[in-house]
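The structure under discussion appears below in the form of structure tokens.
All values below come from the heavy atoms of this structure, side chains included, with hydrogens, waters and symmetry mates left out. The model shown is predicted, which means the values in this text are computed figures rather than measured ones.
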Amino acid sequence: LCNTGIRMLYLHFYVCQIIFYEERNFQGRSYETSGDCAELTSYLSRCNSCRVDSGCFMVYDRSNFMGNQYFLRRGEYSDYQRMGMTDSIRSCRMIPQHHGPFRMRIYERENFGGQMHEVMEDCDSFMERYRMSEIQSCHVMDGHWLMYDQPHYRGRMMYLRPGEYRSFRDMGMNSMQRFNSMRRIMDSCN
């Protein structure tokens, strides 16, 4: 039992792993983590490339999981500018693997007001499917999701994990920005 527990603990930390590098093309000093990091400049002076050995991560161009967000799965990312980032990577959040159903309620207005729809699958256009021109709040009951500001899973994205999101504007979205599509994060951590 003890060896199994140690092996399970080891697998947990091995399963999700990302390595950040100060320079492009995996050069310079590096920092490795298997979890969330609110401030990468505590470990590196800057971060311009990274390698995801396993798992899925969101990386942010500002500290404390703020700013533009980018979804990374297993692979090599040799230059932050090729990922569409205008600044270097400043923080990251590990996305845990989800087993089970996906469920979210989307609302037309802040504080869960206006028209509401319960969603359990990907949606490539809120306007086409639900006739909703705006989504300003949501409640994620199950699973991890990515919201996109353009239809067909394009444009800026926002990572949502289980919880209540009463106002996307309070989360840093400007009043002109709207979500137009969303998908479930179903990638496995391997």
Side-chain angles (χ1 to χ4, degrees), residues 8-9 11-20 32-40 50-75 77 83-85 89-107 110 112 116-126 129-130 132 134-173 177-190:
M8 293 296 285
L9 182 63
L11 286 174
H12 171 73
F13 285 110
Y14 175 76
V15 167
C16 296
Q17 183 176 28
I18 188 168
I19 305 167
F20 296 99
E32 182 178 317
T33 185
S34 58
D36 297 354
C37 181
E39 182 58 71
L40 283 169
C50 65
R51 177 179 291 122
V52 178
D53 286 339
S54 55
C56 299
F57 290 84
M58 287 303 289
V59 296
Y60 303 80
D61 64 4
R62 291 182 35 210
S63 302
N64 297 312
F65 320 111
M66 300 295 287
N68 294 315
Q69 304 179 24
Y70 303 89
F71 176 71
L72 303 181
R73 58 176 51 99
R74 186 177 184 177
Y77 302 87
M83 294 170 19
M85 298 183 87
I89 301 167
R90 301 268 189 227
S91 57
C92 77
R93 188 179 296 279
M94 188 270 295
I95 301 173
Q97 189 173 6
H98 176 74
H99 301 284
F102 287 78
R103 196 165 62 116
M104 175 193 305
R105 289 188 183 134
I106 56 174
Y107 298 86
E110 292 182 342
F112 314 119
M116 184 275 292
H117 291 280
E118 190 163 310
V119 181
M120 298 168 68
E121 58 188 31
D122 298 350
C123 177
D124 64 355
S125 173
F126 292 132
R129 185 175 297 172
Y130 301 113
M132 292 176 76
E134 289 190 80
I135 295 171
Q136 294 185 8
S137 59
C138 73
H139 179 196
V140 177
M141 282 86 78
D142 296 302
H144 299 262
W145 300 75
L146 287 176
M147 300 276 267
Y148 297 83
D149 70 352
Q150 296 178 22
H152 308 290
Y153 320 116
R154 300 179 66 107
R156 288 183 57 181
M157 61 181 76
M158 180 179 282
Y159 166 56
L160 299 175
R161 55 189 182 171
E164 293 183 346
Y165 300 87
R166 294 184 172 279
S167 171
F168 292 136
R169 188 177 54 218
D170 291 347
M171 297 171 59
M173 302 298 287
Q177 199 170 13
R178 296 185 170 124
F179 288 118
N180 286 295
S181 58
M182 71 179 176
R183 78 168 25 145
R184 299 162 292 169
I185 300 176
M186 300 177 68
D187 293 70
S188 61
C189 290
N190 53 5

How many angstroms lie between CD in Gln69 and CE in Met58, if you round to the nearest 0.5 Å?
4.5 Å
Can you label the angle between the Phe112 ring and the His139 ring as parallel, tilted or perpendicular, going by 30° and 60°?
tilted
Donor-acceptor check, side chain of Asn68 to backbone of Asp61, threshold 3.5 angstrom: yes or no?
no
Can you name the closest pair of heavy atoms from Ser34 and Cys16 and give their distance?
CB-O, 2.9 Å
Once rounded to the nearest 0.5 Å, what's the spacing between atom CE of Met147 and atom CZ of Arg156?
13.5 Å
Which pair of non-hydrogen atoms, one from Leu160 and one from Cys138, has the smallest distance, and what is that distance?
CD1-SG, 3.7 Å
Ignoring hydrogens, what is the shortest heavy-atom contact between Asn180 and Asp149? Give both atom names and the distance.
ND2-O, 2.6 Å
To the closest 0.5 Å, what do you measure between OG (Ser181) and CE (Met157)?
9.5 Å
Nearest 0.5 Å please: distance from the CZ atom of Arg62 over to the CZ atom of Arg90.
10.5 Å
Report the C-alpha distance between Met94 and Ile18 in whole Å, list the side-chain angles of each, state the deciding distance to 0.1 Å, and finish with yes or no for side-chain contact (heavy atoms from CB on, under 4.5 Å).
CA-CA 9 Å; Met94 188 270 295; Ile18 188 168; over 6 Å; no
Can you tell which of Arg129, Arg184, Arg103, Arg183 makes a salt bridge (Lys or Arg N to Asp or Glu O under 4.0 Å) with Glu121?
Arg129
Cys92 to Gly35 - nearest heavy-atom pair and separation:
SG-O, 3.8 Å
Quick one: does Val119's side chain get under 4.5 Å of Trp145's, heavy atoms only?
yes
Considering all heavy atoms, the nearest Pro162-Gly143 contact
CD-O, 3.3 Å
Beyond-backbone contact of Tyr60 with Arg93, side-chain heavy atoms, under 4.5 angstrom
yes
With sequence neighbours excluded, residues passing ring-ring contact (aromatic ring centres under 6.0 Å, His included) with Tyr70:
none
Side chains of Phe102 and Ile185: closer than 4.5 Å at any heavy-atom pair?
no
Which residues pass the salt bridge (Lys or Arg N to Asp or Glu O under 4.0 Å) test with Glu32, not counting sequence neighbours?
none
Starting from the C-alpha separation in whole Å, work towards a yes-or-no answer on side-chain contact (heavy atoms from CB on, under 4.5 Å) for His144 and Tyr159.
CA-CA 7 Å; His144 299 262; Tyr159 166 56; 2.7 Å; yes
Run the side-chain contact (heavy atoms from CB on, under 4.5 Å) check on Asp122 and Tyr153 step by step: do they pass?
CA-CA 9 Å; Asp122 298 350; Tyr153 320 116; 3.4 Å; yes
Nearest 0.5 Å please: distance from the CE atom of Met120 over to the CZ atom of Arg105.
10.5 Å
With a 4.5 Å limit on heavy-atom distance, are the side chains of Gln97 and His99 in contact?
yes
Could you grab the distance from atom CE of Met116 to atom CE of Met132, nearest 0.5 Å is fine?
9.5 Å
Side-chain contact, heavy-atom cut-off 4.5 Å: Asp36 with Phe65?
yes
With side chains defined as the heavy atoms from C-beta onward, is the minimum distance between Ile135 and Tyr130 less than 4.5 Å?
no
Between Ile95 and Phe57 the two heavy atoms that sit nearest each other are CD1-C, 4.0 Å
Taking only residues two or more places apart in sequence, or in another chain, which ones meet Arg161 in a salt bridge (Lys or Arg N to Asp or Glu O under 4.0 Å)?
none
